[in-house]
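One structure is given below, encoded as structure tokens.
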Amino acid sequence: MTVSRRLFVTAATALAVTGIPTLAAAASPGDRFYRIPVSADDTEADLVRKASQVRPTARQIAWQSLERTAFLHFGVNTFTGLEWGTGDEDPDVFQPAGLDTDQWAAALKDGGFKLAILTVKHHDGFVLYPSRYTDHTVASSSWRDGRGDVLRSFADSMRRYGLKVGVYLSPADENQYLHGVYANGSARTPRTIPTLVPGDDRTPDRFHTLAATDYGAHMLNTLYEVLTEYGPVDEVWFDGAQGHIPPDKVESYDWDSWYTLVRSLAPDAAIAVTGPDLRWVGNESGIAREDEWSVIPVKENQYGRTDWALSYDTPDEGGRAALVKAQPATDYLQWWPAECDVSIRDGWFYHPDQQPKSVDYLAEIFFGSVGRNAVLLLNVPPDTDGLLHSTDVVRLREFRERIEHELPRDLARGARRTVAPDRVTVDLGREQEVDRIRLAEDIRHGQQVESFVVEAFRDGAWTQVAEAGTIGASRILLLPAPVSARRWRLRVTQARSTVHIAEFGLYRSRV
């Protein structure tokens with residue numbers, strides 16, 4: 001058995017735990033192994049070995065480190081009181097007279113968020129910038145004399161306050177359905193993107209030829225505008241909802257062409273949640289599974305759409321039993337981590353009769369998402385004035401302060417550590433109370449831990465204080481009561497391959 005130790009890039013100590021009796025991992029660094037094909041002949045051992053070899057891409061690693069991201073649902077629904085619009089709204093209903101996106105950015109930064117996603121186009125098809133390809137936009141409103149551009153203001157403000165920029169474009173579009181473009185039965189043919197329109201003064205460095213239907217081309221042109229005229233974009237968010245469009249009017253989305261264009265124009269952007277980079281956790285409560293795997297079985301549907309081999313709400317998406325159960329429908333084992341979306345209020349759009357969730361509830365959501373190997377996506381809807389409501393602004397600050405009190409200072413930072421083949425021991429130098437434990441694998445080496453225990457040395461013996469399954473990029477354990485000890489130990493009891501521990505943090509909350 002060997003012991004290795006090295007410095008992690010974040011300056012935290014990364015500890016390679018070797019010698020665990022599991023399958024050895026093949027060398028597979030970089031972005032080349034974010035998905036590995038599955039064969040019908042693969043045994044359980046083959047599936048586990050392949051899962052151990054899957055690695056995240058650079059963009060997935062960067063996204064996972066964000067931990068807290070924000071959603072801003074804003075549009076005609078804000079003024080009509082609907083959650084899903086109809087596509088035939090009078091654009092003049094959109095009148096955010098006090099729009100202040102700097103206020104949005106300042107409040108989100110104060111809340112501890114690092115990226116924000118704007119609903120550039122929801123299911124109704126109303127677009128928050130003046131597009132060349134539809135009249136259902138802010139330019140058709142008398143707001144700011146038809147010269148308003150929410151996306152421009154949003155992107156500039158987020159960057160000014162140091163937040164990354166995300167955009168949401170609903171694949172569904174009720175306005176384009178009403179205009180005979182969406183689900184009109186048109187064939188997939190080569191389309192030139194951008195498609196220049198009369199009076200168009202653009203001189204693109206490159207035109208893209210991509211297969212698309214009439215509506216697929218509309219989406220491609222919309223994406224092109226958003227991704228070339230508003231600065232760098234860090235997340236492009238699609239969903240699979242169809243709004244109120246009749247279920248028999250189905251548009252087969254040109255996912256392959258959409259993904260290709262995003263990769264070309266915004267190569268660092270993570271494509272979520274109907275996309276190859278990030279997946280929906282499977283609910284809108286903000287809570288991940290108790291054991292959330294980033295490596296899960298997937299299949300490809302409908303022109304390259306990345307999809308679950310098991311159902312989106314399966315309790316176990318990536319454990320050994322899940323790998324075997326999913327095998328008949330699996331095309332790949334893929335690094336496809338979970339994003340947990342939830343709204344601070346009951347609705348996704350602003351409604352004056354709703355109130356934000358309590359700080360206790362938000363803290364529960366944090367530990368149920370970030371604490372379970374997922375990233376939190378918290379929606380904070382602007383109101384009809386174009387502002388985040390003052391109650392929500394205060395709640396965001398309280399949320400950030402609560403997490404700082406829950407995880408105030410890592411008692412193990414700088415402590416002496418000892419690494420053995422299947423364990424990491426920390427000596428705090430003196431007896432200290434601990435009630436929060438934060439763990440992380442160095443996911444550049446994949447996700448390997450299947451089960452572990454945390455022990456404290458008390459009364460001359462090691463005593464188990466916590467146990468769990470997966471770790472991944474972030475696992476936070478809340479002890480039911482403080483435990484006082486000088487020496488602490490993380491012991492991996494089952495793993496798929498060599499485990500690289502990037503963090504073993506010990507905290508005493510101040511809540």
Side-chain angles (χ1 to χ4, degrees), residues 59 62-63 66 69-78 85 94 99 101 104-105 108 113-134 136-139 148-173 175-176 193-194 216 218-241 253-255 257-278 280 339 341 348-349 375 377-382 386:
R59 72 177 68 86
W63 172 83
L66 298 174
T69 61
F71 224 156
L72 295 153
H73 274 64
F74 189 53
V76 287
N77 292 349
T78 306
F94 187 80
L99 180 75
T101 53
W104 301 1
L108 294 174
F113 293 83
K114 298 178 182 177
L115 175 147
I117 301 170
L118 177 66
T119 54
V120 177
K121 178 173 82 79
H122 204 251
H123 311 328
D124 48 71
F126 185 81
V127 179
L128 294 183
Y129 72 94
S131 174
R132 300 166 180 83
Y133 301 100
T134 176
H136 205 46
T137 80
V138 291
D149 189 333
V150 179
L151 178 55
R152 175 79 61 200
S153 182
F154 163 78
D156 289 349
S157 292
M158 294 304 138
R159 296 190 188 102
R160 187 156 44 243
Y161 280 81
L163 278 75
K164 295 181 179 295
V165 172
V167 293
Y168 161 76
L169 291 98
S170 170
D173 192 317
N175 182 262
Q176 292 300 305
I193 307 299
H218 174 81
M219 273 289 288
L220 286 167
N221 279 310
T222 303
L223 280 166
Y224 187 90
E225 289 179 319
V226 170
L227 298 179
T228 59
E229 298 178 21
Y230 293 90
V233 171
D234 299 282
E235 184 167 341
V236 177
W237 208 92
F238 299 119
D239 60 10
Y253 299 134
D254 297 307
W255 294 111
S257 296
W258 299 357
Y259 296 163
T260 297
L261 189 67
V262 173
R263 287 285 190 253
S264 176
L265 300 178
D268 295 328
I271 305 177
V273 291
T274 302
D277 296 320
L278 321 174
W280 181 43
E339 183 176 72
D341 60 334
W348 290 95
F349 287 90
V375 169
L377 178 59
L378 180 67
N379 179 63
V380 189

message: Y230: which residues meet the ring-ring contact (aromatic ring centres under 6.0 Å, His included) condition with it, sequence neighbours left out?
response: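 Y230 satisfies ring-ring contact (aromatic ring centres under 6.0 Å, His included) with Y129 once adjacent residues are dropped.
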- prompt: What residues form a ring-ring contact (aromatic ring centres under 6.0 Å, His included) with H218, not counting sequence neighbours?
  reply: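 Y215.
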- prompt: When rounded to the nearest 0.5 angstrom, what is the spacing between OG1 in T78 and CZ in F126?
  reply: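 Atom-to-atom, T78:OG1 and F126:CZ are 10.0 Å apart.
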query: Taking atom CD of Q176 and atom NE2 of H136, what is their separation to the nearest 0.5 Å?
result: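 NE2 of H136 is found 9.5 Å from CD of Q176.
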Any side-chain heavy-atom pair of [X] and [Y] under 4.5 Å:
X	Y	answer
K114	L163	no
V236	L223	yes
L66	K164	yes
L261	I193	yes
L72	T119	no
I271	R59	no
D239	P171	yes

query: Without hydrogens or angle criteria, can the side chains of W280 and D341 be said to hold a donor-acceptor pair below 3.5 Å?
result: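 The answer is yes; a qualifying pair exists.
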message: Exactly one of T137, T134, D173 should register a side-chain hydrogen bond (donor to acceptor under 3.5 Å, both in side chains) with K121. Which one does?
response: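 Considering T137, T134, D173, a side-chain hydrogen bond (donor to acceptor under 3.5 Å, both in side chains) with K121 is found only for D173.
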The criterion is side chain to side chain donor-acceptor pair (under 3.5 Å); which residues satisfy it with [X], sequence neighbours excluded?
X	result
T101	S153, S157
W237	E339
Y224	none
T260	none

query: Looking only at atom types and distance, does a side-chain atom of R159 sit under 3.5 Å from a main-chain N or O of P232, one as donor and one as acceptor?
result: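 At least one qualifying donor-acceptor pair exists.
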message: For the backbone of H73 and the side chain of N379, can you confirm whether one donor and one acceptor N or O come within less than 3.5 Å of each other?
response: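 Yes, because the side chain of N379 sits within donor-acceptor range (under 3.5 Å) of the backbone of H73.
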message: Which residue is it: W258, F238, Y259? I am looking for the one with a ring-ring contact (aromatic ring centres under 6.0 Å, His included) to Y253.
response: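 Only match with Y253 under ring-ring contact (aromatic ring centres under 6.0 Å, His included): W258.
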message: Please identify which of these residues, W104, F349, W348, meets the ring-ring contact (aromatic ring centres under 6.0 Å, His included) condition with F74.
response: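 That would be W104; it is the only one of W104, F349, W348 passing the ring-ring contact (aromatic ring centres under 6.0 Å, His included) with F74.
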Pair R132 + E225: basic N to acidic O under 4.0 Å: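 Here R132 pairs with E225 in a salt bridge, since their nearest N and O are under 4.0 Å apart.
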- prompt: Hey, is R263 close enough to D277 for a salt bridge, meaning N to O under 4.0 Å?
  reply: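 Salt bridge: yes.
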Over all heavy atoms of both residues, which pair between [X] and [Y] is shortest? Give the atoms and the distance, please.
X	Y	result
A269	E235	CB-N, 4.1 Å
V233	V226	CG2-O, 4.5 Å
L118	L151	CD2-CA, 4.0 Å
A172	A241	CB-O, 3.3 Å
Y133	P194	OH-CB, 4.2 Å

Trace of the side chain to side chain donor-acceptor pair (under 3.5 Å) decision for S170 with H123: CA-CA 6 Å; S170 170; H123 311 328; 2.8 Å; yes
query: Given the rule in the side chain to side chain contact (heavy atoms under 4.5 Å, CB included) test, do Y161 and L108 qualify, once you have shown the distances and angles that lead to the verdict?
result: CA-CA 9 Å; Y161 280 81; L108 294 174; over 6 Å; no
- prompt: Relative to each other, are the rings of F71 and Y168 parallel, tilted or perpendicular (30° and 60° limits)?
  reply: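 Rings of F71 and Y168: perpendicular, as their planes differ by over 60°.
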Stepwise side chain to side chain contact (heavy atoms under 4.5 Å, CB included) test for D124 and N175: CA-CA 6 Å; D124 48 71; N175 182 262; over 6 Å; no
- prompt: Run the side chain to side chain contact (heavy atoms under 4.5 Å, CB included) check on L115 and V165 step by step: do they pass?
  reply: CA-CA 6 Å; L115 175 147; V165 172; over 6 Å; no
message: For D254 and L220: C-alpha separation, side-chain torsions, deciding distance, then whether side chain to side chain contact (heavy atoms under 4.5 Å, CB included) applies.
response: CA-CA 9 Å; D254 297 307; L220 286 167; 5.8 Å; no
